[in-house]
Number of protein chains: 2
Amino acid sequence: MAREHQATLHDVARTAGVSQATASRVLNGSIRNVRQENVDRVLAAAAELNYAPHLSAQAIARGSTNTVALVVSGVDDPYFASIAGGVTQAAEAAGLIVTMAVADRSPERELQIVRTLRGMRPRAIILTGSRIDGTDTRHALVEELDAYREAGGSVVLISQHDLPFRTVSIDNYGGARQLARALVGLGYRRFAMVRAGAGLRTSRDRCKGFVEGLSEFGIDIDERFVVEAEFSRRGGCAAARELVQRGLDGTELVFAVNDVMAIGVMTAFRDAGLVPGQDVAVAGFDDIGPAVDVDPALTSVTVPLRQVGVRAMQLALSDDDASRIVPVSTNVVLRGSTPGR
Amino acid sequence: MAREHQATLHDVARTAGVSQATASRVLNGSIRNVRQENVDRVLAAAAELNYAPHLSAQAIARGSTNTVALVVSGVDDPYFASIAGGVTQAAEAAGLIVTMAVADRSPERELQIVRTLRGMRPRAIILTGSRIDGTDTRHALVEELDAYREAGGSVVLISQHDLPFRTVSIDNYGGARQLARALVGLGYRRFAMVRAGAGLRTSRDRCKGFVEGLSEFGIDIDERFVVEAEFSRRGGCAAARELVQRGLDGTELVFAVNDVMAIGVMTAFRDAGLVPGQDVAVAGFDDIGPAVDVDPALTSVTVPLRQVGVRAMQLALSDDDASRIVPVSTNVVLRGSTPGR
DNA sequence: CGAGGCCGGGAAAACGCATTCCGCTGCGGG
DNA sequence: CCCGCAGCGGAATGCGTTTTCCCGGCCTCG
């Protein structure tokens, strides 16, 4: 029993007393028929030896893998976790195995990852949360992805619709704009904004939408009340502290470009002795799970993250080029963190 | 440029004017030396052709992959997300690629996944959050893992120390026991408990620790105040509703076996008009990020989830069998959700 | 000046599997 | 009775690497 090697197809064939070809035919449901007797013997042998086909060997023999690569910028973030959940769900439904890599918010790392991943010859590479805009690795990344696609792979981006690849496009702009309108509707007039670095497309779009939504009503946000921070809970905290230090100065509501930041903002406010929703309203974006668990519940913009993941996977697998961009719409949801005034 | 195939080592060798063997030697830093001139030519050719070695082919030729498999029971859960983060971090540090599969809380699915994963010949399989206890798939799973290990793979479990594999063992029992003591110290006497199904080892251990911690003080929990629910936020909500329906009846504190459930409990209480921490205290376990974002902040037991992931990976890679079990200690942290009485 | 050792290069085998092609058997029809 | 054909098993080939083995040239030492 203590053979150091896993059973190979050869072994199975030998103990079944048939040829490799026959064994292969029965084990992977080839088109050709095999006599029932042999089928049984092979199956029995496979079971006895606990045979599991060597996926790499299959990949090399068939010329294609059943692997999908997913690149996220951080797993801890519920945003990516949800998307990853959707992707794996759809992948497993399609019989694919997903390998995940974490870029950790670094464009260089992302490039390196894609390079490695390409060697794996995955059926698709799904990229989410990349922040390549304006970096000098951007060109290299695009080139790499292009080469990959040229070779028959399929590339799917999430919310990077200005790159020449298929993308699932979350309506960040529209959602933020709607949010701005809704908040003005509630009576808010003086806003602050917490955003991420300029390299992050998602953040940019949301800011733009929000600002333009406000400007419909002739409202604008003073430069002083726009603070840039890390795209994370910690970043949100830091930003909120920065804001109270600068002096809130009549600010009625702070909009953070995503929920994890918004939640960070809320707790930082609370730590500073301010009651969120009462002393200062807070709104976020994404409507991640925990948004309803904080008190008051966080006003946000729902984006069906899991759906996004599923769509991305489907988009990756579809071969018609007609729908290069799959739009995903978003929905404002008002909660206790932004009471009417 | 539009060749349908990726560049192969053969191509590189040809355009460099050397043999495949030489190309291989320079590209993977073999022990043997290659003349500098040839090194340069091969490197140039590789860069020009944008060559990426076919990992499957390498795997097959070398007889080993640089892949690690991670099985979690759900990505959306921050518990697993954090562990996954640690695992990928450590894996990438070791130059390994991690492929993740989601068992979705089903033992059968888990078994099937392990079976598939084995075909990938990963260096290690890391299993977390499995709930095989008492199921009939348990034996099959163990057998499968055994066969895998027999063949040279390494298996690491997280908090399943009664199975004959290496495991990172979180001190669930001790942490819960400490928590119980601390809470009694705060003046609490009447407890309710929200736990998950009996198949989940982690839940069992925590319950046991908590109950035994209480019994040190002659306190026990009435059967009526123990409710079993899904191991998720939703489950926590449901459990809390169940509790209020049964009648809290003087219950001072409800302990949920993990934070996501505890948070669910808190919001469900709030929805029912109860103020968490004031009308009824709540304590959880894990100290996941959001624990400090809810209001009042959640009393919990810190477990260094990311560390757990890192350790698991290291344990998987180490080849000395001395330390089959790596203990990870936990730490009670009291917060606003359990004010002193 | 010759033998042996060392260094670097290439041909080829091997890895585990899928698949194509070939040949055998057995059947039915002419 | 023979031919053709369908059906099925097996040998062989190929996939992209690594690695072993061999070979030629050069250097060194005797």
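This one's a predicted model, so the numbers in the text were calculated from it and none came from an experiment. Every chain is numbered from 1 and lettered A, B, ... according to where its sequence line falls, protein lines coming before strand lines.
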Examine C:dC17: is either OP1 or OP2 under 4.0 Å from a nitrogen or oxygen in the side chain of A:Q58? Give yes or no.
no
Determine: side-chain N/O of B:N28 to OP1/OP2 of D:dT18, distance under 4.0 Å, yes or no.
yes
Does any donor-acceptor pair link the side chain of B:R25 with the base of C:dG10 at a separation under 3.5 Å?
yes
Within the structure, does a side-chain N or O atom of B:N33 lie under 4.0 Å from either OP1 or OP2 of C:dC7?
no
Please determine whether a side-chain nitrogen or oxygen atom of B:S19 lies at a distance below 4.0 Å from atom OP1 or OP2 of C:dG9.
no
d(CG, B:L9; P, D:dT17) in whole Å
5 Å
Could you say whether A:A52 or B:R35 is positioned toward the 5' end of DNA chain C, judged by the nucleotide with the nearest heavy atom to each?
B:R35
Think A:N38 has a side-chain N or O under 4.0 angstrom from the OP1 or OP2 of D:dC8?
no
Rounded to whole Å, CZ of A:R14 lies from P of D:dG10 at a distance of 14 Å
With respect to the phosphate group of C:dC17, does any side-chain polar atom (N or O) of A:T8 fall under 4.0 Å of OP1 or OP2?
yes
Atom-to-atom span, CD1 of B:I60 to C1' of D:dC15 - whole angstrom:
8 Å
Taking C-beta and beyond as the side chain, do A:P107 and A:L141 meet within less than 4.5 Å on heavy atoms?
no
